[in-house]
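Working notes, beginning with the structure itself.
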Amino acid sequence: MKFLVTAGPTREPLDPVRYLTNRSSGRMGYALAGAARHEGHEVILISGPTVLDVPPGVDFIPVETAQQMYEAVRDMLPGVDVAVLCAAVADYRPVVCAEQKMKKGAERMVLELEKTPDILGSMRDVFGFRGVLVGFAAETQNVLAYAREKLQRKQCDMVVANDVSRSDIGFDSRENEVLLVFPNREEALPKDTKEHIALHIVEHAANLLPRV
Ligand code: C5P
């Protein structure tokens, strides 16, 4: 099968030396790409900036902004069986990126932001993707309710939900504890390394593909 995985944060520039980003390390996405490859699948990894090594045998497409990630996913989608969108894409970006470094001046400054394109939300209706679609839901409260709502609204086959209010798992951590949410059931995976969690997610996702 052919897997497409998005990973890492995005960087939304303010000027040539500054950007808005988030705490995603990319570890979960890189573990997913490595696990899918390990299971014998063809893998495209589209990633924002991280310090991680690209897993061997994986086709790697580095991007910086949400817009670049959107275009890379759209362009690489033909032929993909399973798409796992794990990247922590910025929801908003500065409306303008200054051409020169902004100088310090007034005591206060207001930044105007606009929405970035919703990659997961574009998969079905804009890109026409018919394969297995896996989204992630990093929440700080009501984890199951938000994940279930996201599963329906974004037309996913599975949402991997985790509680990012806990410091021992999730962002920046080597371990994770997730809830797999399917249209008609849930399955909790106990706390484990991101590599082990990734293998479970890949197996579940591959099993969702209808056999011909
Ligand atoms: O709505 P929220 O940002 O919490 O959804 C998270 C999920 O949506 C993740 O799977 C993430 O990769 C994806 N996402 C995306 N494009 C965005 C924002 C989030 O693909 N602009």
Check: Between T6 and C86, is there a donor-acceptor pair closer than 3.5 Å when you use the side chain of the first and the backbone of the second?
Finding: yes

Check: Does some side-chain heavy atom of I46 sit less than 4.5 Å from a side-chain heavy atom of M76?
Finding: yes

Note to self: Within the structure provided, determine whether R93 and L113 are in side-chain contact (heavy-atom separation under 4.5 Å).
What the structure shows: no

Next item on the list: Let me know which of I44, V202, L45 forms a side chain to side chain contact (heavy atoms under 4.5 Å, CB included) with V5.
Entry: L45

Next item on the list: Could you tell me which non-hydrogen atom of R148 sits nearest to which non-hydrogen atom of R185, and how far apart they are?
Entry: NH2-O, 3.4 Å

Notebook entry, point to check: Can you find a side-chain donor-acceptor pair between E187 and H200 that sits under 3.5 Å?
Noted result: no

Check: Between the side chains of D125 and Q155, does any donor sit under 3.5 Å from an acceptor?
Finding: yes

Checklist line | Main-chain N/O of M102 paired to D15 side chain as donor or acceptor, under 3.5 Å | finding: yes

Margin query: Would you say I61 ends up clustered with L52 if hydrophobic residues are merged whenever their side chains have heavy atoms under 4.5 Å apart, either directly or through other cluster members?
Written below: no

Checklist line | ring pair (Phe, Tyr, Trp, His ring centres under 6.0 Å) involving F3 - partner list, sequence neighbours excluded | finding: H41

Check: In terms of side-chain geometry, is the basic nitrogen of E175 or K194 positioned less than 4.0 Å from the acidic oxygen of its partner?
Finding: no

Next item on the list: Without swapping roles, check the side chain of E12 against the backbone of A66 for a donor-acceptor pair under 3.5 Å.
Entry: yes

Check: Looking only at heavy atoms, which two atoms of P55 and A33 are closest? And how far apart?
Finding: CG-CB, 4.4 Å

Checklist line | Backbone of A88 reached by a side-chain donor or acceptor of N22 within 3.5 Å | finding: yes

Next item on the list: Would you please name every residue forming a ring pair (Phe, Tyr, Trp, His ring centres under 6.0 Å) with F127, sequence neighbours left out?
Entry: Y70

Notebook entry, point to check: Is there a donor-acceptor pair under 3.5 Å between the side chain of T21 and the backbone N or O of T10?
Noted result: yes

Checklist line | Closest contact, heavy atoms only, R11 versus T65 | finding: O-CG2, 3.3 Å

Check: How close do V164 and A138 get, heavy atom to heavy atom, and via which atoms?
Finding: CG1-CB, 3.7 Å

Item checked: Validation row: L180, V160 side chains within 4.5 angstrom (heavy atoms) -> yes

Note to self: Between E195 and R174, does any side-chain N to carboxylate O distance fall below 4.0 Å?
What the structure shows: no

Notebook entry, point to check: At their closest point, which heavy atom of V82 faces which heavy atom of A205, and how far apart are they?
Noted result: CG1-CB, 3.8 Å

Item checked: For C156, all residues meeting side-chain contact (heavy atoms from CB on, under 4.5 Å), sequence neighbours excluded -> L120, L133, L151, K154, V159

Check: Which atoms form the tightest heavy-atom contact between P9 and T50, and what is the distance?
Finding: CD-CG2, 4.2 Å

Check: Under 6.0 Å from the six-membered ring centre of Y30 and within 45° of its axis: does the NZ or CZ of R27 meet both?
Finding: no

Checklist line | Sub-4.5 Å side-chain heavy-atom contact between D75 and V73 | finding: no

Next item on the list: Examine distances only and state if a side-chain atom of N142 and a backbone atom of A145 form a donor-acceptor pair shorter than 3.5 Å.
Entry: no

Checklist line | Q100, CD atom: more than 12 neighbouring heavy atoms under 6.0 Å | finding: no

Checklist line | R124/D157 salt bridge by N-O under 4.0 Å criterion | finding: yes

Notebook entry, point to check: Any side-chain donor paired with an acceptor under 3.5 Å for Y92 and T116?
Noted result: no

